Protein chains: 2
Amino acid sequence: MKKTVTGCSVEEAMHLLGGRWRLLIVSYLVDEPKRFNELRRLMPGISQRMLTLDLRALEQAGLIRRTVYPTVPVKVEYSLTGDGRRLEKVVAVVKEFGLWLKDRDKQVLAGREVSPALTV
Amino acid sequence: MKKTVTGCSVEEAMHLLGGRWRLLIVSYLVDEPKRFNELRRLMPGISQRMLTLDLRALEQAGLIRRTVYPTVPVKVEYSLTGDGRRLEKVVAVVKEFGLWLKDRDKQVLAGREVSPALTV
DNA sequence: CAGAATCCCGGAGGATACTG
DNA sequence: CAGTATCCTCCGGGATTCTG
């Protein structure tokens with residue numbers, strides 16, 4: 001995303017998390033570390049390229065950690081750092097909003113609006 | 001942003017809020033309604049075009065309300081709807097994270113790392 | 001398995017001019 | 001003041017191929 005201009009904290013945060021995938025990636029790392037292909041399976045829409053790029057960006061921001069186990073074949077695990085744990089709250093709140101949103105739109109799609117009185 | 005695939009709530013939420021400006025716009029509407037050019041002044045980086053598009057998108061999502069006062073010249077106010085109020089928590093948490101982030105990066109830029117013991 | 005390298009495209013976002 | 005209307009740029013993101 002393009003550089004921020006005002007230095008507003010919301011702007012800065014969205015600059016780092018505003019993409020399509022980053023917060024989603026973080027959300028999958030909250031519970032336990034995940035491997036590269038594990039993340040790919042969890043996000044069928046993402047390409048390896050973007051997954052790699054976003055993981056690198058989050059790593060460079062110090063929010064996630066990349067651990068390589070020198071086995072054969074190699075095993076790479078991604079996990080939240082201490083700093084990254086600061087995103088747990090963000091993930092939780094966004095998820096809560098997303099849940100409400102999905103539910104609300106389901107109602108709309110079903111043709112049942114909020115006001116039952118009108119549908120009598 | 002492109003359509004979501006998994007229906008994950010985080011993904012849905014980011015689909016609606018993931019752009020560069022939308023959550024920032026909402027953050028400015030939390031306290032009190034704002035006029036069009038007022039928002040422009042608050043966000044020097046945004047173009048009229050994007051401001052209009054994002055306002056329309058948020059309006060269509062039922063999160064903000066557009067009120068036109070038929071004065072001369074016209075006065076248009078944007079405010080959060082009841083549904084939009086559900087974003088207050090999101091804004092607060094994201095802002096808190098952004099603040100922490102900015103502060104952390106300021107430390108890094110100043111060359112003072114977290115561990116004083118090492119710098120003795 | 002976990003990527004790197006390459007090529008490619010659509011759309012998010014920008015610049016400018018104009019208007020009721 | 002609060003927008004439309006155009007045109008344009010750039011980069012987020014995708015598809016495919018290759019490798020240690």
Side-chain angles (χ1 to χ4, degrees), chain A residues 1-6 8 10-11 14-26 28-29 33-61 64-79, chain B residues 1-6 8 10-26 28-29 33-61 64-79:
Chain A
M1 198 169 307
K2 227 157 286 186
K3 248 199 69 177
T4 64
V5 280
T6 61
C8 162
V10 173
E11 200 181 350
M14 292 310 283
H15 178 65
L16 183 57
L17 305 172
R20 186 177 170 190
W21 304 112
R22 296 191 182 175
L23 198 61
L24 190 63
I25 292 174
V26 170
Y28 286 123
L29 297 181
K34 294 273 190 321
R35 304 180 57 174
F36 188 82
N37 279 338
E38 220 170 338
L39 288 171
R40 284 189 64 188
R41 255 169 275 128
L42 289 169
M43 299 177 281
I46 199 173
S47 60
Q48 310 137 323
R49 179 183 137 80
M50 284 315 298
L51 182 53
T52 302
L53 288 178
D54 282 340
L55 285 171
R56 293 289 180 278
L58 290 170
E59 188 188 359
Q60 229 150 17
I64 69 176
R65 180 185 312 114
R66 181 172 181 271
T67 313
V68 183
Y69 298 92
T71 59
V72 157
V74 290
K75 169 180 172 181
V76 179
E77 259 188 6
Y78 294 92
S79 55
Chain B
M1 199 169 308
K2 227 157 286 187
K3 248 198 68 176
T4 64
V5 280
T6 59
C8 163
V10 173
E11 199 181 351
E12 295 282 350
M14 292 310 284
H15 178 65
L16 182 57
L17 304 174
R20 186 178 170 190
W21 304 111
R22 295 191 183 175
L23 198 62
L24 191 63
I25 292 174
V26 171
Y28 286 123
L29 297 181
K34 293 274 192 316
R35 304 180 59 172
F36 188 82
N37 280 339
E38 222 169 339
L39 288 171
R40 283 188 66 189
R41 255 169 275 127
L42 289 169
M43 298 177 281
I46 198 173
S47 61
Q48 308 137 324
R49 179 184 136 80
M50 284 314 299
L51 181 53
T52 302
L53 287 178
D54 282 340
L55 284 171
R56 293 290 179 278
L58 290 170
E59 188 187 358
Q60 225 146 26
I64 70 176
R65 181 185 310 116
R66 180 173 181 271
T67 313
V68 183
Y69 298 92
T71 59
V72 157
V74 290
K75 169 178 171 181
V76 179
E77 261 188 4
Y78 293 91
S79 55

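Excluded from the calculations below are hydrogen atoms, water molecules and symmetry mates; all remaining heavy atoms, backbone and side chain alike, are included. A, B, ... follow the sequence lines: proteins, then strands. Residue 1 opens every chain. Computed from a predicted structure; not experimentally measured.
Counting to the nearest Å, the P atom of D/dG14 and the CG atom of A/Asp54 are 10 Å from each other. Spacing between atom NE2 of A/His15 and atom P of C/dG13 amounts to 13 Å, rounded to whole angstrom units. A straight line from CD1 of A/Ile25 to P of D/dG13 spans 10 Å, rounded to a whole angstrom. The CD1 atom of B/Ile46 sits 14 Å away from the P atom of C/dA12 (whole-angstrom rounding). The separation between A/Arg41 atom CZ and C/dG3 atom P is 14 Å, rounded to whole Å. The nearest whole Å value for the distance from the CG atom in A/Leu24 to the P atom in D/dG12 is 18 Å. Remark: C1' of D/dC11 and CH2 of A/Trp21 are 17 Å apart, rounded to the nearest angstrom. Per the geometry, NZ belonging to B/Lys3 stands 19 Å off P belonging to C/dG10, to the nearest Å.
Shortest non-hydrogen contact noted between B/His15 and B/Arg22 is O-NH1, 4.4 Å.
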* To do: Could you give me the CA-CA distance, side-chain angles and deciding distance for A/Arg20 and A/Asp54, then say whether side-chain contact (heavy atoms from CB on, under 4.5 Å) is met?
  => CA-CA 10 Å; A/Arg20 186 177 170 190; A/Asp54 282 340; over 6 Å; no
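Each of A/Met1 and B/Glu38 was assigned the nucleotide of DNA chain D with the nearest heavy atom; the assignment lying further toward the 5' end belongs to B/Glu38. Along DNA chain C, the nucleotide nearest B/Arg22 and the nucleotide nearest A/Lys75 are compared for position; the residue whose nucleotide lies closer to the 5' end is A/Lys75.
Using a 4.0 Å heavy-atom cutoff across all strands shown, A/Gly18 reaches no nucleic acid atom at all.
Taking side-chain N and O atoms only, A/Arg20 has a distance below 4.0 Å to OP1 or OP2 of D/dG14.
Looking at A/Leu39 and A/Leu29, their side chains come closer than 4.5 Å, going by heavy atoms from C-beta outward.
A side-chain donor-acceptor contact under 3.5 Å links A/Glu11 to the backbone of A/Val5. A distance-only check finds no donor-acceptor pair linking the side chain of B/Arg65 to the backbone of B/Glu77 [under 3.5 Å]. Looking at B/Arg35, its side chain never comes within 3.5 Å of a backbone N or O of B/Lys75 through a donor-acceptor pair.
Expressed to the nearest 0.5 Å, how far CZ of B/Arg66 lies from OG of B/Ser79 amounts to 12.0 Å.
Nearest nucleotide to the side chain of A/Val74, out of D/dG14, C/dA2, C/dG13: C/dA2.
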Shorter than 3.5 Å, N or O on both sides, protein versus nucleotides 3-6 of chain D: list them out with atom names.
{"from": "D/dG3", "atom 1": "OP1", "to": "B/Arg56", "atom 2": "NH2", "distance (Å)": "3.4"}
{"from": "D/dG3", "atom 1": "OP1", "to": "B/Arg66", "atom 2": "NE", "distance (Å)": "3.1"}
{"from": "D/dG3", "atom 1": "OP1", "to": "B/Arg66", "atom 2": "NH2", "distance (Å)": "2.3"}
{"from": "D/dG3", "atom 1": "OP2", "to": "B/Tyr78", "atom 2": "OH", "distance (Å)": "2.5"}
{"from": "D/dT4", "atom 1": "OP1", "to": "B/Arg56", "atom 2": "NH2", "distance (Å)": "3.1"}

